[in-house]
Amino acid sequence: MAAPRAPALYSPALLAMAVELADYPFDAQAIAVGEARSRSCGSVISLSSVHTGRLERIGLKVSACAVGQASAAIFAREAGGMDAVSRTLGALGEWLEGDAAAPALERIDMLEPARAYRARHGAILLPWKAALDALSKGGGAG
C-alpha cells in the first residue's frame, strides 16, 4: 500500500492568490513605507500605508515566489486596521517551526504544505516584517 501523497506546494488555489495582489497597489509616496527581504531566497516585499499608527489602505510591491505572493495576499486581506503585527509574526514563526497551532488567519491552510520547506519560511513571514518596518518608520508601535 502506497503512502498518501503530500499536498502539492504550488496548488492551483495557491497560485491563483497572486492575482489578488493587484487590488493593493503600492504607493511610494505613502506616509508609512517599509520593506523586508528574505535572506534565504532573496524575495522582497515593500509595503505602503496611509496611516502612521496602524495599517490602512495598504499597498504591496511583491517580488517573491508563489508562496511569498500567497502569504502577501493572506496578509493584505487581514491587515486592515491590524494592530497586532508583531504578535501575528511571532505566532506564524512558531507555527512554521511546528511549535504551535496555526494562527487565526483566513486561508492560512493554503500555506500548510510550505511548512515542510524551511527555505520558504522567510518568504511567508515577509509581509508581516515589511509591515513592522513601515510602522516603525511611520511612528506606529506594531
Side-chain angles (χ1 to χ4, degrees), residues 3-142:
R5 265 181 33 168
L9 177 59
Y10 296 111
S11 68
L14 183 127
L15 294 171
M17 291 172 73
V19 177
E20 297 175 24
L21 296 174
D23 294 335
Y24 303 93
F26 179 76
D27 178 5
Q29 304 304 313
I31 295 171
V33 174
E35 183 176 279
R37 178 181 305 272
S38 171
R39 285 183 264 166
S40 62
C41 66
S43 295
V44 178
I45 293 183
S46 299
L47 179 139
S48 62
S49 175
V50 299
H51 196 280
T52 60
R54 64 185 175 282
L55 299 172
E56 285 187 18
R57 287 196 327 234
I58 66 157
L60 294 166
K61 182 169 55 172
V62 180
S63 176
C65 65
V67 171
Q69 291 176 40
S71 181
I74 291 168
F75 170 85
R77 198 180 274 180
E78 298 277 335
M82 183 184 283
D83 61 359
V85 176
S86 60
R87 189 174 23 217
T88 304
L89 175 62
L92 273 170
E94 290 174 4
W95 173 67
L96 288 170
E97 292 299 321
D99 297 333
L105 298 169
E106 189 176 327
R107 303 184 305 166
I108 195 69
D109 60 311
M110 300 296 293
L111 299 176
E112 176 67 36
R115 290 178 65 200
Y117 298 89
R118 288 190 58 78
R120 296 291 180 245
H121 291 188
I124 291 169
L125 299 173
L126 281 181
W128 283 268
K129 289 182 176 183
L132 285 177
D133 187 43
L135 289 169
S136 71
K137 291 177 181 174

* **Under the salt bridge (charged side-chain N to carboxylate O under 4.0 Å, His left out) test, residues paired with Arg77 that sit two or more places apart** =>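 Listed in chain order: Glu20, Glu106.
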* **Min side-chain heavy-atom separation Ser86-Leu132 under 4.5 Å** =>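 In contact.
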Any idea which heavy atoms bring [X] and [Y] closest together, and the distance?
X      : Y      : answer
Arg107 : Ile74  : O-CD1, 3.4 Å
Leu14  : Ala70  : CG-CB, 3.7 Å
Ala32  : Ala134 : CB-O, 3.5 Å
Leu89  : Lys129 : CD2-CG, 4.0 Å
Glu35  : Ser46  : OE1-OG, 3.2 Å
Met110 : Ala13  : CE-CB, 3.1 Å

* To do: Just do the side-chain contact (heavy atoms from CB on, under 4.5 Å) check on Ser71 and Leu126 with the steps written out, would you?
  => CA-CA 8 Å; Ser71 181; Leu126 281 181; over 6 Å; no
Return the set of residues passing side chain to side chain contact (heavy atoms under 4.5 Å, CB included) with [X] (not counting sequence neighbours), or none when no residue passes.
X      : value
Ser63  : none
Asp23  : none
Ala123 : Cys41, Ser43, Cys65
Ala18  : Gln69

Look up atom [atom1] in [X] and atom [atom2] in [Y], then write down how far apart they are to the nearest 0.5 Å.
X      : Y      : atom1 : atom2 : result
Ile124 : Leu111 : CD1   : CG    : 5.0 Å
Arg115 : Ile108 : CZ    : CD1   : 9.5 Å
Leu125 : Ile45  : CG    : CD1   : 10.0 Å

* **With sequence neighbours excluded, residues passing side-chain hydrogen bond (donor to acceptor under 3.5 Å, both in side chains) with Arg57** =>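 Arg57 satisfies side-chain hydrogen bond (donor to acceptor under 3.5 Å, both in side chains) with no residue once adjacent residues are dropped.
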* Tell me, please, which residues at least two apart from Tyr10 pass side-chain hydrogen bond (donor to acceptor under 3.5 Å, both in side chains). =>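 Partners of Tyr10 under the side-chain hydrogen bond (donor to acceptor under 3.5 Å, both in side chains) test: Arg120.
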Please tabulate, for side-chain N and O atoms in residues 90-99, each donor-acceptor pair with protein atoms closer than 3.5 Å (sequence neighbours left out).
from: Glu97; atom 1: OE1; to: Arg118; atom 2: NH1; distance (Å): 2.9
from: Glu97; atom 1: OE2; to: Arg118; atom 2: NH1; distance (Å): 2.8

* Derivation of the side-chain contact (heavy atoms from CB on, under 4.5 Å) call for Val33 and Asp27 -> CA-CA 8 Å; Val33 174; Asp27 178 5; over 6 Å; no
* To do: Mind running side-chain contact (heavy atoms from CB on, under 4.5 Å) on Leu47 and Phe75 for me, showing each step along the way?
  => CA-CA 11 Å; Leu47 179 139; Phe75 170 85; 3.3 Å; yes
* State whether the side chain of Ser49 and the backbone N or O of Ile58 hold a donor-acceptor pair below 3.5 Å, judged by distance alone. =>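 Judged by distance alone, no pair lies under 3.5 Å.
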